[in-house]
Structure formats: C-alpha cells, structure tokens
**Student:** 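Take this structure, written in structure tokens, and hold onto it; I'll ask about it next.
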Protein chains: 2
Amino acid sequence: MKKSVTIRDIAREAGVSSTTVSRYLNQNGYVDAQTAERIRAVVEQFNYRPSRIAQSLKTRESHNLALIVPDIQNPFYSSMANKIQNLLLREGYTATFFDSGADFQREMTCLGVAESIGADGILFASVSSRRIILNELERIGVPVVMINSYDACPFDSVHGVRSESTYLTTRHLIELGHREIAFAGGTPGTAIAQSRKNGYLNAMQEAGLPVRRDYLIEMGFDSESGRKCGTYFSALFQMPTAICCANDLVALGMLQVLIERGFQVPQDISITGVDNIEYGDLCSPPLTSVINDSGEFAKMAVKALMERLRGSYTGAPREFLIPRRLVVRGSTAQPQRKEQEA
Amino acid sequence: MKKSVTIRDIAREAGVSSTTVSRYLNQNGYVDAQTAERIRAVVEQFNYRPSRIAQSLKTRESHNLALIVPDIQNPFYSSMANKIQNLLLREGYTATFFDSGADFQREMTCLGVAESIGADGILFASVSSRRIILNELERIGVPVVMINSYDACPFDSVHGVRSESTYLTTRHLIELGHREIAFAGGTPGTAIAQSRKNGYLNAMQEAGLPVRRDYLIEMGFDSESGRKCGTYFSALFQMPTAICCANDLVALGMLQVLIERGFQVPQDISITGVDNIEYGDLCSPPLTSVINDSGEFAKMAVKALMERLRGSYTGAPREFLIPRRLVVRGSTAQPQRKEQEA
DNA sequence: ACAGTGTACGAAATCGGTTACATATTGTTT
DNA sequence: AAACAATATGTAACCGATTTCGTACACTGT
C-alpha cells in the first residue's frame, strides 16, 4: 500500500550508509559536521520519520505504555488520563488506552493485549486486584504501577492514604453534630470500595457512634448507583441525617434523587462525596468533598514508571501516598433532626 | 532485559518450522491436525503470544489507530473514547490516545507521533481544521475519519447536522416566548464553534429577532468559559432573558455564576446547553440540552474507518450525520421579564 | 504407468531499523 | 618515527514475525 521512506533511502540520497544516518539520528557515535548537515537536509526534504515499529523490534523497547482505567467517564480518571498522556508525550512515550469497565475479565483481556503489543510498562488502575491479575502482571514481566489499588502488591503503587477520604468526610459530618450517618459505597469486593468503607467505619467507631446495618449499602461508583442508594435511603422509615458517599458520582446521583423527592439539602440531609470533581462544584448545592488530585496521581505514577524503565530505581516496590484535603461546600450543614421529630 | 518467547522457540519445541507455526496461528495454508494439536499445546504451555511489533513490521499493519480528541475531560469525548476503544478491541485493534488540548500546535505534534508509531488510521476530533492539518493528514496517507469537524475535507467525517444543535435550543427558547436571547459560544475560530454560532443566528433570523452585539460572546468550550460569560452577562445593564450556550460545560459554568449571584433559573433567566452530558441532568435545575449521542458517533466513526482499512469501501469521502434531539428540562421556562421591569 | 491435484511442510528472504565489529584517516604523544 | 587515541564511516548480522517458492508425498483419473 503506502511505501514509507526508509533509513536506507535517506542514506542513499545523502551518499552515506544507513549506519551513519542512524548515528546522526540517535546522536551517538561520530558523524562529521558536513555529513550531518547533508543528512539533515535529506531528512527534512523527505519528511522522514524513523519507523517506531522497526526500532521497537530491534531495541526491544516500544516506547509505548498500556494505560488501563476502570471508567474513563469518571472525571477523576479522564483528568488523570489527560495528564498522564501529556507527561508521557514529553518523555517520548505514547499510551495505548484501555477502559476495563471495572470488569475482571476485561482487565485480563487488556493485559493480554498489552503484552502482545509489547507495552514497555503498565499504568493500571485496577479494581479487581485479584491474585490472578497480579500473577498475570508478573508473568508479563514489565514494570507496573498500580493506581488506587490498595492491596499489598509487588509493584509500585500510587494512591491516597488508605481510608482517609471517607474518614475525613465522615468526621466532618460528626463534627457538625450528625449521629445518624449512612454510607453509600462503591463496587463491593474492590479494594478501593473496601478502603472507603473502612474510612467511614473508622470515623464512626472513633466517635463511638453505632453503625446500623441498614445505613450501609454498597452498589457501584457511578451516578446510577447513587440514584439507587438515594431511592433506598429516602424510603427508609428512619432516614439518616447525613450520607457519606463513596465518591462524587454517587453523591451527585444521590443528590438528584433526594431533591427530586422534595428533600432539602443540606437542611434535611447532608451529603458528602470524594474526588472533588468539577461537576460537584457546579451543582447546587455544591458538594462537600475531598480533593483527590488527579494531576498528582498522574505525576507520581509516570515518575515511578519512568524510573523503573530507565533503571534509575530498581529497589523494592514503593508506595506513593497522595495527600488529600477536605473541601467543605454547601451540601453539608448541622443536623436539624430535633425539629422534624417534634 | 526480558527475553520473550518467539515463534522459533515454539517451532523448535513442537518439532516443526516457524513457517508451520505461523500457518497454524493465522489459519492459512495447510497444517496437519496432529501437528496443529502439538503446536497448540506448546503455545499454551509457553503462554506464547506473537509479537505484534514484528507482525507489524512485516505486514505493514500495526492494528493500532491514533485517537485524537480536544478534551478528554469533556464527557462527550470521554464517553466516545470509551465506546471507540470497546469497538476497536472487538476488531482486534488498539488505540493510542492523544489529548490535543484543542491546540493547533499539539494537534500537529500528535499527528507526527501518530505517523511514526505507524498508526493504520486516525480518528481525529480536530478543532483547528486548518489547511496545514489537512495537508499533513494527506501526506501521512492513512485513512482518516474526522469527528465534529464541519469543514469540507477530503476524508470521511462524522458529525451532527451542521448548526442544528443550537438552532434547536434557540428555537425552543423563542417558542417559549423569549426575545432577548444571548449566545455564549465556544473557542473562536474553530469549525464547531462557528457551526454552533450559526445555529443560534439562523434561529434568531428565522424568527425575525435582532441579534445584539453585546449578546454574543465567544470564549471556550469549558466550564471556566461559562463562568466568565456568566459574569459578563450578569453585569450587563440590560440582561437577556435567556442564554443559549455552545455546550453543556459552558452552560453549567454559567448556571453556577448566575445562581451564585442570586438569579433564579429559569424564573429570571433560562439557560440551554448542548451535548446532554450526564452532569447536566444531575444539577439543579437540570439542564435543557440537545442529545449528542456519543455512542452513535463512536459507532459510525469506527465503522467508516474499518471499511477504509479493509478496503471494503474506497469511494469518495462520506459524511455521516448523527441525528439530534432536544431534551427539555428545568433550566428553561417562559420569560417573566415584564414583571421584573415593572 | 503417468500426469495432475491437493495436502503438508521447510529454507530463506524480507520488513526498517540498530549495533558489534572492522577499516581508514588524522592528530597527538613518547 | 613508531605507537596510540580520536574521529568518521561502512559491512553485515539481527530483532520476530510473514511469505514466496520449492520439495515431497498421497490420491485420483485415464
């Protein structure tokens, strides 16, 4: 089909061998200034770009990474993906993008593809950090950075302080005077959902507050799950005065249902999220949340992987903790339960 | 570093030549049933996956596409990216992801990288459909599908009916009785912004309504632009009774500022968006918008590109129009200007 | 018995780069 | 003047697959 111009074409045209052209392009070995100039001119004239594929085959480095996220439509991940791609471009790397849909089987599929395309490394926001996944990663044998995957694993990992996010929001609710605090959680069985639940439980326990069975439900991490949880809570005989949601999407879905059903937020009920996504601020009332700095995640993940790729770090797996910060907005306030009961 | 298992390893282990293994894997040429079984077993035992890189070099097909979007954080594009990636995976293709940040220079950079990595095709949501870009695409010489790029171009393209989206929202506002309708537009100089502006202008003209200079401003396609426009409009001596925004992000930013400044939406002022993103529905008031079906975009774009890649279509550039539909929600209502003036 | 056809498999070239090794010229040191 | 290092370039093998061409055998029909 399309015949590309090769290094040998350039060599012939410049009257040198392909070796010399290669040396010129990679700036290694000696090449005379005049020769270099001749090559440069020919390269420009022909708009020559060396084939990354051929390079990869020989050097055994594809300069391409696999980026696997559970849900690119989640603003946290789309923002992170954007930043990762920017950082990588600067380093001369590209990213092959995968959306696993938070599904274990698809995660395995993506890993298989990642291997066959010869990815030099994997940036993996895995939800199902099952043993099989870890085994598969080890078998593939390229550097891996796990993102938001709290389980102990033999790879570098980047995540917020375990359980800190919902701990912060729950404690905030407690400090406001709430006692009946419910939790609307993410996909059961995933490490990150577990961590968020624990944050809630820890804060409750620390304050000596009881956790009611029917105040703790887990669905998923998207707004649809939030709507379902909202429907559930609003139908309870005894509603909580505050709900700690596993992330902002859940909180937004929840908010919508509650407002739809005539509840006032935060007067009747307070809501918190996690991630501090843009839309949480755009809504009314704006969402109290926890900053999960996707840029920081991207930076650390890329840095860690690059160090592994360059071999400038070869030690034990590292854990990078991204600091978080509570952002109080309009969706939380002191409880007014007494009046309602009267 | 990591020595991969090659087709020759498999061949040796199975007691055949690499040719036969290749024939077995690609299901072309004859291979004895028993031999096939032996090979299958060895392949499984060694967990062998042929190197896509070596395949690409020889066959001159990378089975990898470049996907370039202006802003992956825009829910329309992140949703589209998700769906595109899913469709491609099924076809045995991968996508290298680029976020151009709606910047011309970066678009050029991305195209250069796309060429050197040997992308078989390009899915390109270009904002700056400048001549240079088109020339560069033609020079690269691989199939291209342009997305949301309205200018006439020598490639297949996928987009909504030109100017239809804002035409629908503006007409909706007019039918509600609004006469003082402003427009908050997207990045000036881009084809899509031009198209959105035209939709507004057409509807206004059709209804015989005058367009005031100070009611027409263009900033960008993100929520920050919406906030700026909102600040501008809310400071006007004579405020419009409705604002037609170029997309939902702009509308959401606008909404936030207006509510912040004490305006009631839709009582004091009506707001419309375009794209029907999830968050537009989650906010209050929920946003009147126009459905821009990202799944349909993804489907048509992938289909068109695949046909080009397979050579099953080789004719003139095609234009795929995705139908749209107005979704009326709480952010629009009849104007109540008379009372306010009194 | 022989040509023709379908089946089964291998040797070797090839894709477009990189690189180990060899060669040649020039400059510098002893 | 001989020895050595630095500079400048080329030859050819190689990365891991695919593919052309060729060989060999087993049928089948005449």
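Being a predicted model, the structure only gives us computed values, none of them experimental. By convention in this document, chain letters (A, B, ...) are assigned in the order of the sequence lines, proteins followed by strands, and residues within each chain are numbered from 1.
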**Student:** Atom CZ of B:Arg8 to atom C1' of C:dT14: distance rounded to whole Å?
**Tutor:**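 Between C1' of C:dT14 and CZ of B:Arg8: 11 Å.
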**Student:** Would you kindly give the OH-to-P distance between A:Tyr30 and C:dG27, to the nearest whole Å?
**Tutor:**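 Distance check: A:Tyr30 OH to C:dG27 P gives 15 Å.
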**Student:** Under 3.5 Å, is there a donor on one side chain and an acceptor on the other for A:Asn82 and A:Tyr77?
**Tutor:**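 There is no such pair between these side chains.
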**Student:** Of A:Val31 and B:Lys58, whose nearest nucleotide on DNA chain D comes first from the 5' end?
**Tutor:**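 In this pair, the answer is A:Val31.
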**Student:** Would you say the base of D:dT19 and the side-chain of B:Thr19 have a donor-acceptor pair closer than 3.5 Å?
**Tutor:**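 Looking at the base of D:dT19, it does pair with a donor or acceptor on the side chain of B:Thr19 (distance under 3.5 Å).
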**Student:** Nucleotides 21-25 of chain C: which of its N/O atoms have a protein N/O under 3.5 Å away?
**Tutor:**
none

**Student:** Assess whether one donor atom and one acceptor atom, taken from the side chain of A:Thr35 and the base of D:dT9, lie less than 3.5 Å apart.
**Tutor:**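 Side chain to base: no pair below 3.5 Å.
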**Student:** What is the distance from CG of A:Asn28 to P of D:dA8, rounded to the nearest Å?
**Tutor:**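 The answer, rounded to whole Å, is 14 Å.
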**Student:** Under 6.0 Å from the six-membered ring centre of B:Phe104 and within 45° of its axis: does the NZ or CZ of B:Arg130 meet both?
**Tutor:**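 Pair B:Arg130/B:Phe104 counts as cation-pi.
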**Student:** Give one of base, sugar-phosphate or nothing for A:Tyr24, where a contact means two heavy atoms less than 4.0 Å apart.
**Tutor:**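 If one applies the 4.0 Å heavy-atom cut-off, A:Tyr24 turns out to touch nothing in the nucleic acid.
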**Student:** Using whole Å, what does the distance between atom C1' of nucleotide D:dC15 and atom CZ of A:Arg60 come to?
**Tutor:**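 Between C1' of D:dC15 and CZ of A:Arg60: 7 Å.
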**Student:** Does the side chain of A:His63 come under 3.5 Å of the side chain of A:Gln55 through a donor N or O and an acceptor N or O?
**Tutor:**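 No pair is found: no donor N or O on one side chain lies under 3.5 Å from an acceptor on the other.
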**Student:** Go nucleotide by nucleotide along DNA chain C from the 5' end; which of B:Val16 and B:Ala54 gets its closest nucleotide reached first?
**Tutor:**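 Counting from the 5' end, the first nearest nucleotide belongs to B:Val16.
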**Student:** Give the ring-plane orientation class for B:Phe97 versus A:Phe97, where under 30° counts as parallel, over 60° as perpendicular and anything between as tilted.
**Tutor:**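 B:Phe97 and A:Phe97: tilted rings.
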**Student:** Ignoring hydrogens and angles, state whether a donor on the side chain of B:Ser22 or B:Asn26 is under 3.5 Å from an acceptor on the partner side chain.
**Tutor:**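 Looking only at side-chain atoms, B:Asn26 and B:Ser22 do form a donor-acceptor pair, the distance falling under 3.5 Å.
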**Student:** Does B:Gly118 reach a base, just sugar-phosphate, or nothing at all? Heavy atoms under 4.0 Å.
**Tutor:**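 Counting heavy atoms under 4.0 Å across all strands, no contact is made by B:Gly118.
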**Student:** Under 6.0 Å from the six-membered ring centre of B:Tyr313 and within 45° of its axis: does the NZ or CZ of B:Arg318 meet both?
**Tutor:**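 Here B:Arg318 passes the 6.0 Å and 45° test against B:Tyr313.
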**Student:** Quickly work out the A:Ile7 CD1 to D:dG10 C1' distance and round it to whole Å.
**Tutor:**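 The answer, rounded to whole Å, is 13 Å.
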**Student:** Does a nitrogen or oxygen in the side chain of A:Thr20 sit under 4.0 Å from OP1 or OP2 of D:dG10?
**Tutor:**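 Checking A:Thr20 against D:dG10: at least one side-chain N or O falls below 4.0 Å of OP1 or OP2.
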**Student:** Determine: side-chain N/O of B:Ser22 to OP1/OP2 of D:dT19, distance under 4.0 Å, yes or no.
**Tutor:**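 It does not, given that no N or O in the side chain of B:Ser22 lies less than 4.0 Å from OP1 or OP2 of D:dT19.
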**Student:** Are the ring centres of A:Phe76 and A:Phe297 closer than 6.0 Å?
**Tutor:**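 Centroid separation for A:Phe76 and A:Phe297: below 6.0 Å.
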**Student:** Any side-chain N or O of A:Ser51 under 4.0 Å from OP1/OP2 of C:dG16?
**Tutor:**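 For C:dG16, OP1/OP2 do not have a side-chain N/O of A:Ser51 under 4.0 Å.
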**Student:** Whole-Å distance between C:dG16 C1' and B:Gln55 CD?
**Tutor:**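 Result: 17 Å.
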**Student:** Whole Å only: how far is the CZ atom of A:Arg12 from the P atom of C:dG17?
**Tutor:**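 Rounded to whole Å, this separation is 12 Å.
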**Student:** Between C1' on D:dA24 and CG on B:Asp32, what's the gap in Å once rounded to a whole number?
**Tutor:**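 That distance rounds to 15 Å.
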